[in-house]
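Quantities reported herein were computed from a predicted structural model and do not represent experimental measurements. Just so you know, ligand 1 is whichever comes first in the structure, and atom 1 is the first atom listed for that ligand.
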Amino acid sequence: MNYYDILLPIPKSYILTYKTESALEIGMRVNVPLGKKIVTGVIYNISQKEEFEYEVREICEIIDDKPFFNKKDLKFLETVSNYYGYSLGAVLSGIISRKILNTKIIDYENSISNLSKLANLNNEQQIIYNEISQQKDFQCFLIHGVAGSGKTEVYIELIKNCILQGKQAIFIVPEISLTPQLVKRVSDRLGIVVETYHSKLTPQKREKVVSGFKKGKIPVIIGARSSLFIPSNDLGIIIVDEEHENSFKQEEVPCYNLRDAAIFKAKIYNIPVVLGSATPSLESYYNAITGKYKYFKIDRRFHNDSSPDIKIIDLKTEDKISGILSLQLYDAIKKRILNGEQTILFLNRKGYSSQLICQSCGETLFCKNCAVTMTYYKSDETARCHYCGEKIKYLKCKCGSHDFLDFGIGTEKAYLILEKLFPGEVIKIDADTVSSQKKISEILTDFEKNKFKILLGTQLIAKGLNFPNVTLVGILNIDNIFSLPDFRNNERAYQLLTQVAGRAGRFKKKGEVIIQTYNPDMPVFTFLTSNGFYTYELQMRKTFSYPPYYRIVRFIFSHFKEQTVKEVAKKIESILKNSHLNIKILPAVPAPVYKIKNRYRFHIVIKSENYTEINKSINLLKVEFEKLKLTTLGFKIDVDPYFFL
Ligand code: ADP
Ligand code: ZN
């Protein structure tokens with residue numbers, strides 16, 4: 001009889017021993033009984049033990065005749081598990097997903113036809129290509145290139161080079177960029193049908209793609225997040241476009257960041273990984289300038305179309321229609337309609353918090369201890385800081401005024417206002433419509449066909465901005481980005497505005513970008529037309545001990561009983577304080593969204609310059625948490641968190 005330790009997609013007790021007559025290899029998938037259920041697991045180890053105190057059950061089905069995961073794949077899972085503080089079982093169930101785990105490997109035949117001949121890269125592209133294509137071992141590259149500078153063209157050449165060497169490539173893009181246009185472009189340029197992978201594939205299609213990639217018959221996959229976890233035959237390169245995208249961070253357990261996981265994977269496979277963005281994350285930028293990554297910058301667009309004029313409008317002094325539309329923006333839209341041209345309007349109403357703006361001077365209320373804005377709580381009429389716990393009852397601005405405006409108009413309300421002003425001309429995309437990618441495509445197609453003159457949407461539409469007839473982009477209000485309790489506010493504002501301006505730069509006719517704000521003096525606006533954002537923002541991050549200088553972990557506790565969760569959070573806080581670990585501990589405070597689904601939430605944020613100390617803290621808390629034996633208590637670990645609500 002053979003005994004095997006099987007890794008199961010279950011967060012707790014995820015490695016169990018089973019037996020079988022057959023001789024199996026590590027990495028093969030098997031079905032095993034668990035309670036009354038049958039579960040698919042992966043052979044993780046050949047058990048050293050032969051005698052057990054309990055009855056070892058028998059493997060009921062052997063799925064693979066060869067390992068599904070190789071040793072490196074398993075090492076990759078272990079790395080993700082260790083870094084993010086979640087068990088291998090949680091990683092298997094929460095990242096790999098049953099979709100990949102349960103995919104049957106089928107026969108797959110595909111002969112790679114002739115690849116089309118190389119494009120003529122320009123000088124800048126050629127330098128980047130040469131350096132990356134010569135790299136055989138692990139190295140992370142960052143391509144910092146404005147929109148339209150030809151990054152995608154470089155990726156395509158790198159993929160081609162990888163395929164010519166008989167290796168495979170994974171090209172990851174945010175779900176929203178996974179458009180038919182991109183896939184067609186890559187397919188045309190490579191001269192092969194390029195497969196895509198994302199969570200909404202039919203089971204048949206998924207079987208085809210996973211089997212083909214696993215067997216080495218598919219040379220390249222363009223995909224969303226999950227494609228990083230498809231087993232490969234001989235992986236040669238990983239490319240992550242729009243590396244700064246927040247959607248690469250998974251908020252659900254096990255909270256991981258795709259970009260960072262891609263780097264882990266490349267390291268384990270000892271292959272190059274390429275990150276690209278017009279507005280890199282501060283983390284990647286910092287890694288690049290400090291020499292950890294190799295850095296390339298492209299400042300010019302490939303086709304030298306005209307840049308748009310950028311105009312900042314001060315909402316404090318400007319006359320407004322229905323509180324949202326300055327006369328200048330109104331006139332600009334009107335003019336476009338008369339000329340038969342189109343307008344895109346952004347309203348980034350995201351998150352839960354409202355912003356408090358002083359009615360007399362226009363200042364946004366900030367915490368006195370932190371570089372974050374205060375959040376307004378209507379229930380008890382206080383303003384609070386979610387980082388340090390600061391709380392003020394009697395609101396008072398620096399200018400002395402007590403009158404604050406609780407600002408907040410969502411896309412719904414804006415749509416009604418705009419529809420009254422421009423009847424029949426407005427179409428909108430927001431959270432209600434984004435649930436389906438198909439619906440977004442339909443709306444964008446309608447807009448492209450000129451059925452509507454105005455497209456109103458959240459930042460999700462920033463990437464769909466390639467409409468030749470659009471000559472005006474309006475940001476209705478950017479201030480709500482600054483109002484979230486988040487140190488990344490500046491970065492997000494900069495990324496959104498740069499993206500909009502960069503995309504709008506593809507206008508055939510001279511374009512215009514109009515940004516409405518109550519805070520026209522925010523430094524971020526000056527960086528839209530001049531360099532210096534990264535230097536400025538790095539200095540801020542350094543001053544306030546934020547990433548990339550410090551690593552952060554956020555522990556979130558939740559429970560139906562307010563008292564219980566509070567007690568646990570305070571207890572954990574004191575354990576951390578007594579641990580003598582080299583970390584900064586912010587006090588346990590109620591989470592900004594204090595109650596979700598009737599569960600009360602507290603959180604603790606810790607910071608350290610040293611990841612080892614972070615990792616020790618996580619492991620310590622996991623042990624302490626187990627000791628509490630409070631099964632009804634929610635406990636979430638968020639390493640390198642992106643949101644703080
Ligand atoms: P990015 O990915 O940086 O936004 P793209 O790769 O999409 O930029 O390039 C922008 C435009 O320039 C595209 O229309 C692309 O086809 C064109 N382009 C880029 N590089 C080349 C090249 N070497 N030869 C011909 N056209 C190019
Ligand atoms: Zn504070």
Nearest non-hydrogen partners of Phe141 and Pro272, listed with the distance: CE1-CB, 3.9 Å
Pro254 versus Ile95, closest heavy-atom pair with distance: CG-CG1, 3.6 Å
Centroid-centroid under 6.0 Å between Phe544 and Tyr549 rings: no
is_close_aromatic(Phe527, Tyr536), centroid dist under 6.0 Å: yes
Selected option - heavy-atom contact closest to atom 2 (O) of ligand 1, from Thr152, Leu182, Val154: Thr152
Nitrogen or oxygen atoms of Gly150 and ligand 1 under 3.5 Å apart: yes
Tyr494 and His244 aromatic centres sub-6.0 Å: no
Structural part of Arg185 in contact with ligand 1, heavy atom criterion under 4.0 angstrom: side chain
Within-shell test, Gly145 vs ligand 1, heavy atom, strictly < 4.0 Å: no
Distance filter under 4.0 Å to Asn120 heavy atoms, resulting ligand 1 atoms: 22 (C), 23 (N), 24 (N)
For ligand 1, the portion of Ser149 having any non-hydrogen atom under 4.0 Å away: both
Residue pairs involving residues 255-274 (criterion salt bridge (charged side-chain N to carboxylate O under 4.0 Å, His left out); sequence neighbours excluded): Glu243-Arg259
Polar proximity ligand 1 side, Phe302 side, N/O cut 3.5 Å exclusive: no
Which of the ligand 1 atoms, numbered from 1, are nearer than 4.0 Å to a heavy atom of Val146: 3 (O)
